[in-house]
Amino acid sequence: MAVAVVEAYDRVARRVLDGPARLGRTRLVAVDGPSGAGKSVFATRLADALAALPGGSPPPVVHTDDLLDGWDDQFTFWPRLEEGVLGPLRAGRPGAYRRYSWVRRSFLPRPVPVPVAPVLVIEGVSAARAAVVPDLALAVFVTAPASLRLARAVERDGPGILPELRRWHRGERSYFAADGTEARADLVVDGAPGLPHDADRYHVRRR
């Protein structure tokens, strides 16, 4: 039986900063998990906690959804992230990427800069894949029941996405089973916790 523990975001932030930088001079945090689980919320609140520490600053946050070339690029976007962001940072240089417009269905021309910073947060499905483990300071896996994740996505984007979303969820299940992402994560977060807590300052982790 999994045990749930309430933990402060600033404790995770200190854990990250106390660890070594493995991506050049940058501590890389990957926030992974299935769609609709709460990855973006966790990444945002962790970034806020890092910025609030004494001498801290807001870390850049890269959302992998911005790198996807449409629905069919669910896991194959990685070379784009490696070439534009991870590779340059590993060499101590700033990176950049072009954001995909889901309205225009094309990449926007203006690059989004990713500076060399003490911490970089990457958030999205497969962000903590096995290939990036040597670069990681912290791997986070956020989980929630499938029915709730589906309802969240429909509420956000409308029922028109259901056919693609169901196919996407099947792909996620197969991918995570093959990659072993959750079992390898340093921190597993409950994205639909029943424990009462101040959600702006604390998350609920499983152990």
Side-chain angles (χ1 to χ4, degrees), residues 2-33 37-67 78 81-97 112-144 179-191 193 195 197-207:
V3 176
V5 178
V6 176
E7 182 178 49
Y9 282 101
D10 64 2
R11 181 175 179 180
V12 181
R14 292 179 187 278
R15 175 181 176 181
V16 171
L17 290 177
D18 287 343
R22 296 192 171 98
L23 185 70
R25 302 194 301 274
T26 298
R27 295 161 182 82
L28 177 62
V29 176
V31 183
D32 206 331
K39 299 183 299 299
S40 296
V41 171
F42 183 92
T44 297
R45 290 175 177 161
L46 177 58
D48 290 344
L50 284 159
L53 291 177
S57 59
V61 179
V62 175
H63 304 279
T64 64
D65 280 0
D66 291 339
L67 292 158
W78 196 262
L81 177 65
E82 173 65 35
E83 180 180 353
V85 178
L86 300 181
L89 290 179
R90 196 179 292 116
R93 304 190 310 270
Y97 64 94
V112 179
V114 181
V116 176
V119 180
L120 168 66
V121 179
I122 295 180
E123 173 275 318
V125 177
S126 81
R129 61 177 62 193
V132 80
V133 167
D135 295 322
L136 287 178
L138 186 73
V140 181
F141 192 89
V142 185
T143 185
D179 188 70
T181 321
E182 182 175 359
R184 196 178 57 247
D186 302 304
L187 175 63
V188 177
V189 172
D190 189 342
L195 284 176
H197 66 290
D198 179 350
D200 289 332
R201 297 174 56 203
Y202 298 88
H203 64 276
V204 176
R205 65 179 175 89
R206 296 180 177 182
R207 71 175 185 185

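Here the side chain of Arg27 pairs a donor or acceptor atom with the backbone of Gly19 at under 3.5 angstrom. Of the possible donor and acceptor atoms, one in the side chain of Asp179 sits under 3.5 Å from a partner among the backbone N and O of Ala130. Between the side chain of Arg90 and the backbone N or O of Asp135 there is no donor-acceptor pair closer than 3.5 Å. With hydrogens and angles disregarded, a donor-acceptor distance shorter than 3.5 Å links the side chain of Arg129 to the backbone of Ser126. Side-chain N or O atoms of Lys39 include one that pairs as donor or acceptor with a backbone N or O of Gly33 at under 3.5 Å.
Residues Pro113 and Pro94 are not in side-chain contact: their nearest non-hydrogen atoms beyond the backbone lie 4.5 Å or more apart. Two residues are said to be in side-chain contact when any heavy atoms from C-beta on lie closer than 4.5 Å; Arg205 and Val12 fail this criterion. Within the 4.5 Å cutoff, the side chain of Val132 has no heavy atoms near those of the Leu81 side chain. Residues Val62 and Leu67 are in side-chain contact: their nearest non-hydrogen atoms beyond the backbone lie under 4.5 Å apart.
Using cut-offs of 30° and 60° on the angle between ring planes, the pair His203 and Phe42 is perpendicular.
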Discussion item. Tyr9 vs Asp48, test: side chain to side chain contact (heavy atoms under 4.5 Å, CB included). Steps then yes/no.
Written reply: CA-CA 9 Å; Tyr9 282 101; Asp48 290 344; over 6 Å; no
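Of all the heavy atoms in Ala128 and Ala139, the pair that sits closest is CB-CB, 4.2 Å. Taking each heavy atom of Val116 and Gly92 in turn, the nearest pair found is CG2-O, 3.6 Å. Across every non-hydrogen atom of Ala117 and Thr26, the tightest pair is O-OG1, 2.8 Å. In terms of heavy-atom proximity, Val85 sits nearest to Leu120 at CG1-CD2, 4.0 Å. Contact between His197 and Tyr202 at its shortest, heavy atoms only, is CD2-O, 3.3 Å. Taking each heavy atom of Asp32 and Ala127 in turn, the nearest pair found is OD2-N, 3.1 Å.
In this structure, Arg45 pairs ionically with Asp200, as a charged nitrogen and a carboxylate oxygen lie closer than 4.0 Å.
Taking CG of Leu23 as the reference point, atom CG of Leu89 lies at 5.0 Å (rounded to 0.5 Å). With values rounded to the nearest 0.5 angstrom, Tyr97 atom OH is found 12.0 Å from Leu86 atom CG.
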